[in-house]
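Since this is a predicted model, take the numbers as computed values, not measurements.
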Protein chains: 2
Amino acid sequence: MTVSLSDMQALDLWRRAVLAGVRREAPDLSARQMAVLLTVYLTSPPHTVRGLAATLNVSKPAITRALDRLGQFEMVRRKVDDADHRNVLVQRTIKGSVFLREWGSIVSEAATELAS
Amino acid sequence: MTVSLSDMQALDLWRRAVLAGVRREAPDLSARQMAVLLTVYLTSPPHTVRGLAATLNVSKPAITRALDRLGQFEMVRRKVDDADHRNVLVQRTIKGSVFLREWGSIVSEAATELAS
DNA sequence: TAAGAATGATTCGGTTGCGGAACGAATTGG
DNA sequence: CCAATTCGTTCCGCAACCGAATCATTCTTA
C-alpha cells in the first residue's frame with residue numbers, strides 16, 4: 001500500500017509532530033543530530049563518521065559533534081573498527097531505540113489526527 | 001480519507017524529510033522556530049506573542065527570539081495591533097509561504113517514496 | 001620500512017540560542 | 001489622575017553550535 005499525502009496534509013502533519021516535540025520535556029535535538037540518529041537506526045550498518053558526513057552532505061567535525069551529543073544522551077555508541085582502527089563504527093543503543101520508537105508513535109499519531 | 005501510518009513508516013518518512021532538509025541550502029530553523037512558523041501559517045489568526053508562547057508551552061522571550069530570526073529571513077512580519085497597542089500581531093509573508101510550500105512538497109514526496 | 005594517504009578528533013574565534021529577571025510602553029480600573 | 005495590570009522586549013550569563021584549520025593515529029604502498 002502506498003502512502004499518499006497532499007502538500008497541505010504533509011505540512012499539517014509536520015506541524016503537529018514538531019509541536020508535540022517542542023512541548024515535551026525530551027532531549028532537544030537539532031535537525032542534524034536527528035538526521036544522524038535516524039540514519040544510524042534506519043539504514044543498514046556499518047556507519048562511519050566519513051560515511052555519515054557524505055550522506056548528510058556535511059563536514060566531518062559536524063558529525064563528530066553530533067555523535068558527541070547523541071553519545072551524552074546514550075542514544076548511540078562509538079566503537080573502533082577491529083579491521084581498520086582508523087574507522088569509528090556508530091552503534092545503536094537501547095535508549096536510542098526507545099527514543100525513536102516514541103518519536104515514531106508521535107508522528108504516526110499526528111498522521112491519524114489529520115483532517116482529510 | 002484517513003491517513004494511516006505505521007510507526008516505522010512514520011519514522012522513515014521523518015528521516016527522508018529531515019535528510020532532505022539538512023542537505024539543502026536553505027535557512028535552517030530550529031524546532032521552535034519551525035513550530036512558530038507552522039503555527040502562524042496553518043492555524044487561524046490573530047497570532048500574538050503571548051498566544052504563541054502558550055501554544056508552544058514556551059516563554060515569551062523565546063517567542064520574541066524566534067520571531068526575530070524568522071523576521072530576518074522575511075518569513076514573518078510584526079504588526080502592532082491597532083485596537084490594543086500592546087499587542088503584536090504576527091503576519092504571514094510571501095517568502096514564508098514559498099518556504100512552507102516547498103517544505104510541504106518535500107514531505108509529501110518523502111511519503112510517496114515510502115516502502116510499504 | 002619509509003613516505004604518503006586516509007580517518008577521525010581537537011582547537012580556535014565567532015555566532016546563535018537559552019532561561020530568567022528586569023524593563024518600558026500601553027491599557028484598565030478605582 | 002494614578003496605581004495596578006498586561007504585553008512584548010531587552011539584558012545578562014551561559015551553553016551549544018558553526019566552519020576552517022590543524023593534529024595524532026593508522027593504514028597503504030612503493
Which atom pair, heavy atoms only, marks the closest approach of [X] to [Y]?
X     : Y     : answer
B:G96 : B:Y41 : CA-OH, 3.3 Å
A:V80 : A:H85 : CG1-O, 4.3 Å
B:V18 : A:A35 : CG1-CB, 3.7 Å

## Note on the structure
By side-chain contact (heavy atoms from CB on, under 4.5 Å), A:A10 pairs with (sequence neighbours left out) A:L5, B:V107, B:S108
### Query
How would you list, by chain and number, every residue that makes a side-chain contact (heavy atoms from CB on, under 4.5 Å) with A:R77, sequence neighbours excluded?
A:Q91, A:T93
### Range on DNA chain D touched by chain A - first to last nucleotide, heavy-atom distance under 4.0 Å
D:dA16 to D:dC27
Produce the list of close N/O pairs, under 3.5 Å, pairing protein atoms with atoms of nucleotides 16-18 of chain C; give distances to one decimal.
unit_1: C:dG17; atom_1: OP1; unit_2: B:Q33; atom_2: NE2; d: 2.8
unit_1: C:dG17; atom_1: OP1; unit_2: B:R69; atom_2: NE; d: 2.6
unit_1: C:dC18; atom_1: OP1; unit_2: B:R32; atom_2: NH1; d: 3.3

#### Entry: With B:R15 via salt bridge (Lys or Arg N to Asp or Glu O under 4.0 Å) - residues at least two apart
B:D12
### Query
Under the salt bridge (Lys or Arg N to Asp or Glu O under 4.0 Å) test, which residues partner B:E109, sequence neighbours left out?
none
### Query
Which residue pairs pass the salt bridge (charged side-chain N to carboxylate O under 4.0 Å, His left out) test with at least one member in residues 92-103 of chain B, sequence neighbours excluded?
B:R24-B:E102, B:E74-B:K95
### Summary
Applied to residues 55-68 of chain B, the salt bridge (charged side-chain N to carboxylate O under 4.0 Å, His left out) test, sequence neighbours excluded, yields B:D68-B:R78
### Message
Please determine whether a side-chain nitrogen or oxygen atom of A:T64 lies at a distance below 4.0 Å from atom OP1 or OP2 of C:dG8.
### Response
no
#### Entry: Stretch residues 77-87 of chain B: residues that reach within less than 4.0 Å of DNA chain C through a heavy atom
B:D84, B:H85, B:R86
### Message
If I take atom CG from residue B:L100 and atom CG from residue B:L37, how far apart are they, to the nearest 0.5 angstrom?
### Response
4.5 Å
### Query
Could you state the interatomic distance from CD (B:Q72) to CG (B:L67), rounded to the nearest 0.5 Å?
11.5 Å
#### Entry: ring pair (Phe, Tyr, Trp, His ring centres under 6.0 Å) partners for B:W14, two or more places apart
A:W14, A:W103
### Contact list for DNA chain D against residues 39-54 of chain A - heavy-atom distance below 4.0 Å
none
### Task
Could you list who else is in A:L89's hydrophobic cluster, with ILVMFWY side chains joined at under 4.5 Å, directly or through other members?
none
### Query
Once you round it to whole Å, what is the distance between P of C:dG8 and CG of A:L56?
14 Å
